[in-house]
Number of protein chains: 2
Amino acid sequence: MATTMQQRMLDAMLPADLAAEPERWQQRKSVRTRVRLVEAAIDCLVEEGYSGLTTQKVAERTGSSRGAMHHHFATRMDLAAAVVEHVFYRRMQAFLDDYLSAVAGARDEALFEISTEAYWRSVQTRDYAAYVELAVAARSDSDLERVFLPAAQRFDAVWISEMIESFPQWQARWETMKLVSDFVVTAHMGLMLNLPVIGAKRAALVRRLVARVVALLHAEAAAGILDLEENNPTGL
Amino acid sequence: MATTMQQRMLDAMLPADLAAEPERWQQRKSVRTRVRLVEAAIDCLVEEGYSGLTTQKVAERTGSSRGAMHHHFATRMDLAAAVVEHVFYRRMQAFLDDYLSAVAGARDEALFEISTEAYWRSVQTRDYAAYVELAVAARSDSDLERVFLPAAQRFDAVWISEMIESFPQWQARWETMKLVSDFVVTAHMGLMLNLPVIGAKRAALVRRLVARVVALLHAEAAAGILDLEENNPTGL
DNA sequence: AAAGAAACCGGCAAGGGTGCCTGTTTTCAC
DNA sequence: GTGAAAACAGGCACCCTTGCCGGTTTCTTT
């Protein structure tokens with residue numbers, strides 16, 4: 001079942017690049033260099049920011065010519081769009097691999113904790129750094145936003161709907177699950193960006209606080225105490 | 001007393017630009033155009049990102065010439081450094097104004113809640129958007145990082161130390177106060193950046209959760225229950 | 001008022017980036 | 001095997017940005 005879910009989520013985020021399995025040698029070669037270019041572009045993105053993601057540097061990194069670059073990606077934005085798709089796909093892939101191997105044989109009560117830790121690990125990856133760069137650049141580049149936002153929302157939709165599908169036992173507390181997910185995603189992004197300023201020590205404390213909030217929500221939701229739609233001064 | 005604290009915090013973050021009160025007309029004029037240039041630079045930063053912060057556009061925006069630009073800021077990085085200082089100063093200023101007017105005559109128990117709300121408001125400002133842009137750009141631009149990180153850490157140090165100074169009644173729970181502050185800063189940054197993806201509705205839920213966590217920490221810390229240095233499975 | 005300093009102006013060369021375009025080589029179809 | 005098509009190479013023109021420089025105007029000093 002787990003692999004089914006994994007495959008379904010990955011398929012939903014599959015970049016157009018990799019959609020069809022190529023048969024002819026030419027197509028294989030094409031896909032290979034496209035992937036190489038996108039991969040180099042992600043390196044640029046992480047090392048030099050979105051404005052450092054330039055067609056020249058990418059071509060140079062891969063050793064291919066600017067002509068080849070232009071053949072696969074006519075404009076810089078075409079390349080950026082491919083990068084967006086790949087980054088989301090790889091983030092999904094890496095998280096699922098990590099999470100599913102960590103969750104193997106775990107108790108139900110530990111699931112939230114395990115996934116929180118897996119998410120924090122995923123935040124520390126190169127692909128997440130690229131994601132942050134794109135997310136911030138999209139705030140002030142409407143062309144990029146047109147590519148980024150739909151992809152981000154699709155990622156979110158897949159994430160939420162599969163979470164719901166995977167935990168039928170939480171049926172009555174789906175709203176809580178979504179809230180926990182949003183909370184974890186939100187807090188960890190802020191944590192990553194503030195890490196250089198507040199330092200590792202204080203970041204670890206915040207991280208523990210986040211984990212405890214998640215655990216508390218887990219317990220309260222399991223007991224059905226928490227009503228998120230109303231203002232209950234007694235609850236959390 | 002409140003104004004004393006406010007003045008002390010602002011002084012600690014005062015940009016070198018505005019340090020000395022100018023007497024001669026020439027100096028006044030100089031300061032005025034410097035500020036105009038920095039202000040225009042912040043506009044560029046917010047509207048087009050750090051890479052859009054260009055000496056040409058800034059000069060054009062203010063109506064002054066590139067020569068004047070170069071007279072006040074020899075290089076692009078000089079301008080960026082001035083922008084960093086101004087952004088932190090203005091953030092501090094705006095938050096203090098908002099917070100101190102909101103806190104006037106409030107009960108002690110409501111302080112955390114009031115400051116959390118004030119912080120969220122501060123996150124929605126233009127200066128905070130500029131701050132985010134700088135913080136992310138500094139991750140991949142070591143020249144900018146050399147200017148940004150010290151300023152950010154100074155802001156943090158002033159923030160924390162003044163918070164401690166202002167709440168002597170919390171003496172025994174300063175660690176909790178710092179944690180609450182870090183948590184609020186962290187969560188709200190992540191919330192702001194995820195807002196376009198998750199939407200206003202879910203963001204509001206997360207925001208309420210954050211507020212409740214703060215309230216809970218407030219109550220627990222006031223009761224002296226929470227021991228942050230050890231692993232207490234009973235507490236939060 | 002005259003000399004000097006500070007604020008301001010506009011142009012120059014160099015470098016880098018983008019998009020496009022003409023060829024060349026490799027692979028595919030018939 | 002031959003023509004078509006796809007992958008790849010490298011050059012050209014245009015634009016933007018940067019840093020700097022000589023020249024001009026506006027204060028300030030004495």
Side-chain angles (χ1 to χ4, degrees), chain A residues 16-18 20-38 40-41 43-45 47-83 137 140-141 143-144 147, chain B residues 16-18 20-38 40-41 43-45 47-83 137 140-141 143-144 147:
Chain A
D17 285 323
L18 315 170
E21 189 57 33
E23 299 146 6
R24 336 204 183 296
W25 194 5
Q26 216 169 37
Q27 289 180 19
R28 282 181 176 239
K29 195 177 181 186
S30 175
V31 169
R32 209 188 320 141
T33 55
R34 275 182 76 96
V35 169
R36 260 177 48 219
L37 288 169
V38 169
D43 287 338
C44 280
L45 199 52
E47 293 172 21
E48 310 184 47
Y50 182 69
S51 63
L53 169 45
T54 161
T55 58
Q56 274 192 171
K57 283 178 192 156
V58 169
E60 189 184 353
R61 259 175 204 264
T62 63
S64 39
S65 66
R66 278 188 33 77
M69 171 94 250
H70 185 264
H71 174 72
H72 290 284
F73 303 101
T75 86
R76 178 187 129 107
M77 189 48 72
D78 289 336
L79 175 60
V83 167
S140 48
D141 182 331
D143 287 335
L144 179 60
V147 176
Chain B
D17 284 324
L18 315 171
E21 190 58 33
E23 299 146 7
R24 340 210 176 292
W25 194 3
Q26 216 169 36
Q27 288 180 20
R28 280 179 177 244
K29 195 176 180 187
S30 176
V31 170
R32 210 187 319 142
T33 55
R34 274 182 79 94
V35 170
R36 260 177 50 217
L37 288 168
V38 169
D43 287 339
C44 279
L45 198 52
E47 292 172 22
E48 310 184 47
Y50 182 69
S51 63
L53 168 47
T54 162
T55 57
Q56 273 193 172
K57 283 178 192 158
V58 170
E60 190 185 351
R61 259 175 203 264
T62 63
S64 39
S65 68
R66 281 189 27 77
M69 171 95 249
H70 185 265
H71 174 72
H72 289 284
F73 303 101
T75 84
R76 178 186 128 107
M77 189 49 72
D78 289 336
L79 174 61
V83 167
S140 48
D141 182 331
D143 289 333
L144 179 60
V147 177

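The sequence lines fix the lettering, A, B, ..., with proteins before strands; numbering per chain opens at 1. The figures here come from the full heavy-atom set of this structure, side chains too, leaving out hydrogens, waters and symmetry mates.
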- Would one find a side-chain N or O of B/S65 under 4.0 angstrom from OP1 or OP2 of C/dC8? no
- Message: Looking at A/T75, I'd like to know whether one of its side-chain N or O atoms comes within less than 4.0 Å of OP1 or OP2 on C/dT18.
- Response: no
- A/M77 CE to C/dG19 C1', straight-line distance once rounded to whole Å: 14 Å
- Query: Is the shortest distance from a Lys or Arg side-chain nitrogen in B/K57 or B/E47 to a carboxylate oxygen in the other one below 4.0 Å?
  - Reply: no
- Message: Please determine whether a side-chain nitrogen or oxygen atom of A/S64 lies at a distance below 4.0 Å from atom OP1 or OP2 of D/dC8.
- Response: no
- Item | D/dT18 phosphate, OP1 or OP2, under 4.0 Å from B/T54 side-chain N/O | yes
- Heavy-atom closest pair, residues A/L53 and A/L45: CD2-CD1, 4.0 Å
- Query: Does B/T55 have a side-chain nitrogen or oxygen under 4.0 Å from the phosphate oxygens OP1 or OP2 of D/dT18?
  - Reply: yes
- Item | Distance in angstrom units between A/H70 NE2 and C/dT22 C1', rounded | 13 Å
- Message: Under 4.0 Å from OP1 or OP2 of D/dC16: is there any side-chain N or O of B/Q56 that close?
- Response: no
- Query: Does a nitrogen or oxygen in the side chain of A/H71 sit under 4.0 Å from OP1 or OP2 of D/dA7?
  - Reply: yes
- Query: Does the side chain of B/T33 get closer than 4.0 angstrom to OP1 or OP2 of C/dC8 through an N or O atom?
  - Reply: yes
- Nearest heavy-atom contact between A/D17 and A/V31 is O-CG2, 4.2 Å
- Item | Distance, rounded to the nearest Å, where B/H72 contributes NE2 and D/dG19 contributes P | 17 Å
- Message: Any base atoms under 4.0 Å from A/R66, or only sugar-phosphate, or nothing? Heavy atoms, all strands.
- Response: base
- Grab the CZ-C1' distance between A/R34 and D/dA6 for me, whole Å please. 13 Å
- Query: Phosphate oxygens OP1/OP2 of C/dG16: is one of them under 4.0 Å from a side-chain N or O of A/K57?
  - Reply: no
- Closest heavy-atom pair, B/A59 versus B/S65, reported as atoms and distance to 0.1 Å, is CB-O, 4.0 Å
- Mind checking whether B/L37 and B/S64 have side chains closer than 4.5 Å, heavy atoms only? yes
- To the nearest angstrom, how far is B/F73 atom CZ from C/dC8 atom P? 11 Å
